[in-house]
Amino acid sequence: MALSRRAFGLGLLGLGVVGTGGYFAVKDQPALQGLLGNRTNLFGFIGGEKQAFLADPDVIKALGGFGLELDARVAGSVEMVREPALLSQTPAFLWPSSSIMVDIAKQSGVKVRNDQVVLNSPIVVYSWQPVVDGLTKAGLVTVTPEGQHQLDLKALLDAILADTDWSALGVDALYGRARIVSTDPNRSNSGFMFAGLVLSLLAGDVATASDLAQYGEQVQAILRNMGFKSPSSGKLFDQYLAGGLGGEPMIVGYENQLVEWILADPARWARVQSSTGAKPVVLYPRPTVYSAHPLIVIDPAADRLLDVLVSPRLQELAWTRHGFRGPLGTFTGTADSAIQGLLPAEIDAVLPMPDASVMLAMLAQFPK
């Protein structure tokens, strides 16, 4: 049956209304922005431990579905929220590795539009099997029924402050005094958080300003004992793997770093595990501190970035490919068999960080 001219016109009008309605329906859905061809390039700073995550092709694809492309440049978490040279570049977002950085950013004059914890990773200590064997005999390391290693960090710190040799701690493979190395606390978050944990352990509770006055010199002594301190958690972890037992016997890092390294090449990890050489071991300080990774939104355009980062797809990729726990410290998705049993499902001994004023006062005592 032939259509009349009037019916044909009404049909075109109807299609136009449906199309327009569909456009606005898509327009109002952040996850569908890519369908409209809308592309927003966001410039910001991130901690180095998240660099591989944002370079993941599937993560890039998911961001593209939200109409986002990132120009994410690596900077230390402490630097990105404090340094005028970085903040003057007008980043749309900051993605440091500790919730306390939100307060420090505000104190630095950053106009924080929004912030939300996106990922979590506890602070851990990386060592090697011969070191762990010795510390276990000395009573500083214990093994949980599930097979994870826990470190009595306070006892280790006391030994370092007493200039104790490795041999006195049961580690005959190493010469000289015991030491543990972190990143530079004035630049990198893992060193920053480790310094806060050390101060609190020496104080016996979450450290206050009066505790800093009493124990600050001991924290400085432990940091001086480290020698050179890397400005980046990622670089320090690479040094640990490259230097081996003799180069970096114990370092401070994030739980996700070894997981990400294993997941990048499970066959390599299997070879390491079956070799006769020293093997990497992750130690969980008891207590430890949680490194929460908050996205700090400065430009309204970065609101969409927050939406995609907390989406189920990105949370699953963060865990199954890169070892990051979710905002509540839990796993999202099924772990690869290569890391089964490597991590505890929950971290049951977590100490809060000292508040921002105490941490900033402590940083001021450290040489830059």
Side-chain angles (χ1 to χ4, degrees), residues 30-31 33 40-51 53-54 59 63 66-121 123 183-193 195-196 206 209 231-233 254 289-311 314-315 318 324-329 352-364:
Q33 289 298 304
T40 301
N41 186 281
L42 297 176
F43 160 65
F45 293 106
I46 63 168
E49 69 287 337
K50 295 181 283 286
Q51 189 173 18
F53 170 65
L54 289 181
V59 172
L63 290 168
F66 277 66
L68 294 176
E69 295 177 351
L70 298 188
D71 178 7
R73 303 179 192 178
V74 173
S77 291
V78 183
E79 290 180 303
M80 72 174 72
V81 298
R82 296 179 71 197
E83 290 296 327
L86 298 181
L87 295 173
S88 64
Q89 297 177 43
T90 62
F93 67 92
L94 304 172
W95 199 5
S97 308
S98 173
S99 292
I100 198 172
M101 297 303 167
V102 177
D103 291 333
I104 296 177
K106 291 176 180 177
Q107 292 183 30
S108 300
V110 177
K111 303 300 183 184
V112 177
R113 170 182 170 83
N114 195 6
D115 67 271
Q116 183 175 336
V117 171
V118 174
L119 305 173
N120 261 306
S121 192
I123 292 292
T183 55
D184 184 345
N186 265 303
R187 304 178 68 183
S188 167
N189 179 70
S190 60
F192 173 87
M193 296 195 75
V206 181
S232 163
S233 303
Y254 300 112
V289 285
Y290 244 122
S291 175
H293 297 250
L295 184 76
I296 300 176
V297 175
I298 302 173
D299 189 304
D303 286 340
R304 211 187 308 166
L305 177 58
L306 186 54
D307 290 331
V308 66
L309 289 176
V310 298
S311 67
L314 267 292
Q315 288 291 303
F324 285 106
R325 296 171 184 253
L328 299 179
M353 284 288 288
D355 68 32
S357 62
V358 174
M359 291 302 299
L360 288 173
M362 182 167 60
L363 288 184

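- Heavy atoms only, all atoms of each residue included: F192 and M359 are closest at O-CE, 3.3 Å.
- Separating the OG atom in S232 from the CZ atom in R187 is a distance of 9.5 Å, to the nearest 0.5 Å.
- For the pair L63/E69, no side-chain contact is recorded, criterion being any heavy-atom separation below 4.5 Å from C-beta on.
- In this structure, P327 and Q315 have side chains that are in contact, with non-hydrogen atoms separated by less than 4.5 Å.
- Side-chain atoms of S77 never come within 3.5 Å of backbone atoms of P96 as a donor-acceptor pair (strictly under, hydrogens ignored).
- Heavy atoms only, all atoms of each residue included: A302 and L42 are closest at CA-CD1, 3.8 Å.
- Contact detail for A209 and V358: the closest heavy-atom pair is N-CG2, 3.7 Å.
- S291 and S97 share no side-chain donor-acceptor pair at under 3.5 Å.
- In this structure, the side chains of I100 and M193 stay at 4.5 Å or more apart for every pair of heavy atoms.
- Proximity of Q107 to L360: side-chain heavy atoms (C-beta onward) are separated by under 4.5 Å at one or more points.
- Among all heavy-atom pairs drawn from L328 and N120, the shortest one is N-ND2, 4.1 Å.
- Rounded to the nearest 0.5 Å, atoms OG (S121) and CD (E49) are 8.5 Å apart.
- The two atoms that bring V118 and L306 nearest to each other are CG2-CD1, 4.0 Å, heavy atoms only.
- With rounding to the nearest 0.5 angstrom, the CG atom of L54 is 7.0 Å from the CG atom of L309.
- Considering L87, V297, L295, I46 in turn, L87 is the only one that fulfils the side chain to side chain contact (heavy atoms under 4.5 Å, CB included) rule with L94.
- A 4.5 Å side-chain heavy-atom check between Y254 and L119 finds every atom pair outside the cut-off.
- Atoms CZ and CD, from R82 and E79 in turn, are 10.0 Å apart once rounded to the nearest 0.5 Å.
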Derivation and outcome, side-chain contact (heavy atoms from CB on, under 4.5 Å), residues Q89 and F45: CA-CA 10 Å; Q89 297 177 43; F45 293 106; 3.7 Å; yes

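- A heavy-atom distance below 4.5 Å is not found between the side chains of T40 and F66.
- Contact annotation: the side chain of L86 never approaches that of R73 to less than 4.5 Å [non-hydrogen atoms, C-beta and beyond].
- Rounded to the nearest 0.5 angstrom, I104 CD1 and I296 CD1 are separated by 9.5 Å.
- Side-chain atoms of S188 never come within 3.5 Å of backbone atoms of D184 as a donor-acceptor pair (strictly under, hydrogens ignored).
- Side-chain atoms of S233 and N189, non-hydrogen and from C-beta on, never get closer than 4.5 Å to each other.
- To the nearest 0.5 Å, atoms CG (D115) and CD1 (I298) are separated by 11.0 Å.
- A distance-only check finds no donor-acceptor pair linking the side chain of S99 to the backbone of A292 [under 3.5 Å].
- Listed here is the closest heavy atom pair of W95 and H293: NE1-O, 3.2 Å.
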